[in-house]
Amino acid sequence: MATRDVSPVPPRWDRTMQQRLARGEAAALGELYDRYASLVHGLAHRVLGDERAADAITRDVFAHVWEHPGTYDPKQGPLRSWVAALTHRLAVQRLRATETAALARGGPGSTEDLERKVRRASVAARADYIVQSMPAPLRAALESAYFKRRDYRQTAADLGVTEDEARRRLRLGLQLLATAQDAAAPGSRGTPPEIGGAA
């Protein structure tokens, strides 16, 4: 998994950043890019599965932020979530456009296959975002259990916590991850609030 900036950003920083962008401060765009470029690129790559397409989406996202800073409303949620939602929306649009064009040229598959692919990509992007955004203790417990193949007792020993605390962290982490699947299920809005909020 790519390393991303997951440090909490105070809401004041979000408001100030939006105001600076609205004033046309190029330095503000640079700071925003430094903070969120890896998040944007990672989410786009998760959806599209292509480095060049992810690069293009990254450029598109920051161009949109620069050209339309007023579309972000700090009252609607964190800037990070808004940037992630914008990335997700643009990446899914690109995926649909590319795959639809391939179908029109007689490529393999159907529109149902396309929608399944979009749902899978959305779940993967959402899960990645959840893992990178969850509190470090939950992430550490999941990484120990999943990547190191440790049970809750071994995870507790690794983390220096009680077995009950290890089970609690694993349960909470898995519950958060389950929301990625729930949000992309057919019949749901398709995108969870954190990724699909105001975009």
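The first residue of the sequence shown is numbered 1, and numbering continues consecutively from there.
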Let me check something: any side-chain donor-acceptor pairs from residues 169-176 under 3.5 Å, sequence neighbours excluded? List them with distances.
from, atom 1, to, atom 2, distance (Å)
Arg169, NE, Glu165, OE2, 2.8

**Study point:** Heavy-atom check, side chain of Arg168 versus side chain of Tyr152, under 4.5 Å
**Key:** no

Point to revise | Side-chain touch His88/Ser122, heavy atoms, less than 4.5 angstrom | key: yes

Exercise for review: Taking the side chain as every heavy atom from C-beta outward, state whether Val118 and Arg96 have any atom pair closer than 4.5 Å.
Suggested key: yes

Check your understanding: What distance separates Thr16 OG1 from Glu31 CD, expressed to the nearest 0.5 Å?
Key -> 10.5 Å

Practice item. Compare all side-chain heavy atoms of Trp82 with those of Gln76 and state whether any distance is below 4.5 angstrom. Key: no

Study note, to complete from the structure: Separation between CG (Leu103) and CG (Asp113), nearest 0.5 Å, reads 8.0 Å

Point to revise | Tyr146: ring-ring contact (aromatic ring centres under 6.0 Å, His included) partners, not counting sequence neighbours | key: none

Point to revise | Backbone N/O of Leu79 and side chain of Asp14: donor-acceptor pair under 3.5 Å | key: yes

Point to revise | Thr58 side chain reached by Tyr33 side chain, heavy atoms, under 4.5 Å | key: yes

Check your understanding: Looking only at heavy atoms, what is the nearest atom pair of Leu39 and Ala84, with distance?
Key -> CD2-CB, 4.5 Å

Exercise for review: Grab the two heavy atoms, one from Asp158 and one from Ser144, that are nearest each other, plus how far apart they are.
Suggested key: OD2-OG, 3.3 Å

Point to revise | Min side-chain heavy-atom separation Arg126-Thr179 under 4.5 Å | key: yes

Review point. Counting only heavy atoms not in Arg52, do more than 12 fall under 6.0 Å of its CZ?
Key: no

Review point. Does some side-chain heavy atom of Thr87 sit less than 4.5 Å from a side-chain heavy atom of Val47?
Key: no

Review point. Applying the salt bridge (charged side-chain N to carboxylate O under 4.0 Å, His left out) test to Glu99, which of Arg116, Arg94, Arg105, Lys117 qualifies?
Key: Lys117

Exercise for review: Give, for atom OG1 of Thr71 and atom CD of Gln18, the distance between the pair rounded to the nearest 0.5 Å.
Suggested key: 8.5 Å

Practice item. Specify the closest pair of heavy atoms between Ala53 and Leu48, including all atoms of both residues, with the distance to one decimal. Key: CB-CD1, 3.7 Å

Check your understanding: Cluster question for you: counting only ILVMFWY and a side-chain heavy-atom cut-off of under 4.5 Å, with indirect links fine, are Leu90 and Leu29 together?
Key -> yes

Check your understanding: Going through the distances and angles, do Glu143 and Lys148 end up as a side chain to side chain contact (heavy atoms under 4.5 Å, CB included)?
Key -> CA-CA 7 Å; Glu143 287 172 350; Lys148 297 178 183 174; over 6 Å; no

Review point. Any sub-3.5 Å donor-acceptor pair from Thr100's side-chain atoms to Ala97's backbone N or O?
Key: no

Check your understanding: Can you find a heavy atom in the side chain of Tyr72 that is under 4.5 Å from one in the side chain of Leu86?
Key -> no

**Study point:** Non-hydrogen atoms of Ala145 and Thr155 that approach each other most closely
**Key:** N-OG1, 4.0 Å

Exercise for review: Heavy atoms only: give me the nearest Pro69-Ala22 pair and the separation to one decimal.
Suggested key: CG-CA, 3.6 Å

Point to revise | Exercise: identify the closest heavy-atom pair between Arg15 and Pro74 | key: CG-CB, 3.5 Å

Review point. For Ala28, what residues pass the side-chain contact (heavy atoms from CB on, under 4.5 Å) criterion, not counting sequence neighbours?
Key: Met17, Arg20, Leu21, Glu25

Point to revise | Shared hydrophobic cluster, Val61 / Trp66 (ILVMFWY, side-chain heavy atoms < 4.5 Å) | key: yes

Check your understanding: Would you find a donor on one side and an acceptor on the other, under 3.5 Å apart, between the side chain of Gln154 and the backbone of Asp151?
Key -> yes

Practice item. Step by step, work out the side chain to side chain contact (heavy atoms under 4.5 Å, CB included) result for Leu138 and Val131. Key: CA-CA 9 Å; Leu138 298 183; Val131 168; over 6 Å; no

Point to revise | Residues His41 and Asp55: side-chain donor-acceptor under 3.5 angstrom | key: yes

